[in-house]
Amino acid sequence: MTVKPSSQRPRKERKENADMRRTQLLEATRRSIVANGLAKTTLATVANEAGLSQGVAVFYFKSKTGLLTDTLRDQYQRYDQNWKKALADAGDDPLDQLIAMIKADFAPEICDSDNLALWFAFWGEEKFTPQYAAISSEFDMSHRDVMRSICTVLAEESNLDGDDVSDWIENVSDGYWQKLHLHPGSTDPELATAATLRLFSQLMPKYAARITALSAQSLL
């Protein structure tokens with residue numbers, strides 16, 4: 001029996017429509033969390049934000065927990081894609097790679113007010129929601145391993161431990177994220193990027209001149 005090509009179309013269209021609905025609901029969840037907070041975000045607020053019925057949200061995510069868990073995973077996937085692309089574009093030089101990863105942490109699409117509100121809303125609930133903690137641990141470990149590997153190479157022939165350098169840089173980045181979230185007028189992502197790189201220059205003076213030169217070329 002010959003199957004007509006058109007008979008395959010409905011299945012493909014259903015898949016595309018399902019993907020579109022899921023994306024629509026995830027985006028609506030992000031907006032709802034920013035507007036209402038995590039606790040007050042419900043399937044109803046998300047459905048209303050998306051312009052869909054609550055039944056559609058239930059169909060795709062089953063429960064509020066399922067919806068929020070997928071939203072956090074989607075948030076981390078965006079973050080993951082951003083720094084991995086920056087790393088790949090940086091080439092093979094470890095200093096260029098480190099600078100790229102620091103810049104990626106403060107990129108506008110990652111570090112704007114809405115994204116920061118979303119991150120801190122979820123992180124504040126990790127202690128009470130194991131699903132959130134598991135997702136954070138999974139993605140953070142991948143990022144941390146790469147940072148430590150780069151810093152270990154850069155720390156060769158110095159008295160510093162690469163793992164320590166990586167941890168210090170990440171702690172400073174986290175601190176600036178918190179400052180940007182709680183006191184957005186006190187600094188901005190570009191200043192935070194430059195300050196984090198100045199820290200590295202202090203830790204590793206041998207790279208200070210290169211970082212200064214890159215700053216002069218408006219890389220930061």
Side-chain angles (χ1 to χ4, degrees), residues 18-52 56-89 100-147 166 169-184 187-189 192-193 196:
D19 290 344
M20 182 181 68
R21 285 284 181 262
R22 286 189 86 264
T23 299
Q24 188 176 355
L25 287 163
L26 291 173
E27 292 292 344
T29 306
R30 292 163 61 88
R31 295 194 299 272
S32 179
I33 293 170
V34 171
N36 307 305
L38 207 62
K40 293 184 179 179
T41 290
T42 65
L43 289 169
T45 65
V46 170
N48 183 64
E49 184 71 40
L52 300 170
V56 174
V58 172
F59 176 79
Y60 284 103
F61 295 99
K62 310 304 180 189
S63 66
K64 173 181 172 176
T65 299
L67 177 61
L68 294 180
T69 299
D70 276 14
T71 300
L72 178 59
R73 182 171 291 280
D74 181 69
Q75 180 77 354
Y76 264 108
Q77 286 171 342
R78 295 172 184 227
Y79 177 77
D80 210 48
Q81 290 167 2
N82 180 66
W83 72 258
K84 286 180 177 177
K85 181 181 185 304
L87 184 65
D89 291 345
M101 290 190 73
I102 291 172
K103 289 183 64 184
D105 259 6
F106 296 106
E109 62 272 25
I110 295 298
C111 195
D112 64 8
S113 59
D114 285 356
N115 275 297
L116 289 172
L118 205 67
W119 286 120
F120 282 95
F122 278 108
W123 289 338
E125 292 297 316
E126 280 189 7
K127 181 178 178 181
F128 310 103
T129 311
Q131 297 97 316
Y132 302 164
I135 291 170
S136 293
S137 178
E138 173 191 346
F139 283 93
D140 287 345
M141 188 177 298
S142 172
H143 183 275
R144 189 176 300 116
D145 286 347
V146 173
M147 277 288 287
S166 174
I169 291 172
E170 290 198 336
N171 286 335
V172 168
S173 295
D174 289 347
Y176 272 110
W177 271 31
Q178 185 175 34
K179 190 173 184 179
L180 286 163
H181 176 53
L182 296 177
H183 309 289
T187 189
D188 62 50
T193 303
T196 305

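All of these numbers come straight from a predicted model, not from anything done at the bench.
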Do the non-hydrogen side-chain atoms of Tyr60 and Leu52 ever get within less than 4.5 Å of each other?
-> no
Kindly write out the residues that satisfy side-chain contact (heavy atoms from CB on, under 4.5 Å) with Ala107, not counting sequence neighbours, or none if the list is empty.
-> Asn82, Glu109, Ile110
Residue list, side-chain hydrogen bond (donor to acceptor under 3.5 Å, both in side chains) with Thr41, at least two apart or on another chain | Ser32
Beyond-backbone contact of Leu26 with Gln75, side-chain heavy atoms, under 4.5 angstrom = no
Sequence neighbours excluded, which residues qualify as side-chain hydrogen bond (donor to acceptor under 3.5 Å, both in side chains) partners of Asp188?
-> none
Pairwise salt bridge (charged side-chain N to carboxylate O under 4.0 Å, His left out) hits with a residue in residues 133-147, at least two apart | Arg73-Glu138, Arg144-Glu170
Asp19 side, atom CG; Gln24 side, atom CD - distance, nearest 0.5 Å | 12.5 Å
With sequence neighbours excluded, tell me which residues meet side-chain contact (heavy atoms from CB on, under 4.5 Å) with Ala47.
-> Gln54
Can you pull the salt bridge (charged side-chain N to carboxylate O under 4.0 Å, His left out) pairs that have at least one residue in residues 23-49, sequence neighbours excluded?
-> Glu27-Arg30, Glu27-Arg78, Arg31-Glu49
Enter the distance from Asp74:CG to Thr23:OG1 here, rounded to the nearest 0.5 Å.
-> 7.5 Å
Determine all donor-acceptor pairs shorter than 3.5 Å in which one atom belongs to a side chain in residues 120-130; sequence neighbours excluded.
{"residue": "Trp123", "atom": "NE1", "partner": "Tyr76", "partner atom": "OH", "Å": "3.2"}
{"residue": "Glu126", "atom": "OE2", "partner": "Ser136", "partner atom": "OG", "Å": "2.4"}
{"residue": "Thr129", "atom": "OG1", "partner": "Glu125", "partner atom": "O", "Å": "3.4"}

Please report the shortest heavy-atom distance between Thr187 and Ala192, naming the atom on each side.
-> OG1-N, 4.1 Å
Of all residues at least two apart in sequence or in a different chain, which pass the side-chain contact (heavy atoms from CB on, under 4.5 Å) check with Met20?
-> Asn17
Would you mind reporting whether His143 and Met147 have side-chain heavy atoms less than 4.5 Å apart?
-> yes
Measure the CZ-CD1 distance between Phe106 and Ile102 for me, rounded to the nearest 0.5 Å.
-> 8.0 Å
What residues form a salt bridge (charged side-chain N to carboxylate O under 4.0 Å, His left out) with Asp80, not counting sequence neighbours?
-> Lys84
Where do Pro189 and Cys111 come nearest, in terms of heavy atoms and distance?
-> CG-O, 4.3 Å
Could you tell me which residues satisfy side-chain hydrogen bond (donor to acceptor under 3.5 Å, both in side chains) with Lys62, sequence neighbours excluded, listed by chain and number?
-> none
CE/Met101 to OG/Ser166 distance, rounded to the nearest 0.5 angstrom?
-> 8.0 Å
Residues in side-chain contact (heavy atoms from CB on, under 4.5 Å) contact with Ser63, at least two apart in sequence or another chain | Thr65
Could you tell me the separation between the OG atom of Ser142 and the CH2 atom of Trp83, rounded to the nearest 0.5 Å?
-> 4.0 Å
Closest heavy-atom pair and its distance - Ala86, Ala100 = O-CB, 3.6 Å
Contacts under 3.5 angstrom, residues 174-182 side chains, donor-acceptor by atom type, not counting sequence neighbours:
{"residue": "Trp177", "atom": "NE1", "partner": "Asp105", "partner atom": "O", "Å": "3.0"}

Donor-acceptor contact below 3.5 Å, side chain Thr45 vs main chain Thr42 = yes
Distance col, row Thr29:OG1 vs Leu68:CG, nearest 0.5 angstrom, shows 6.5 Å
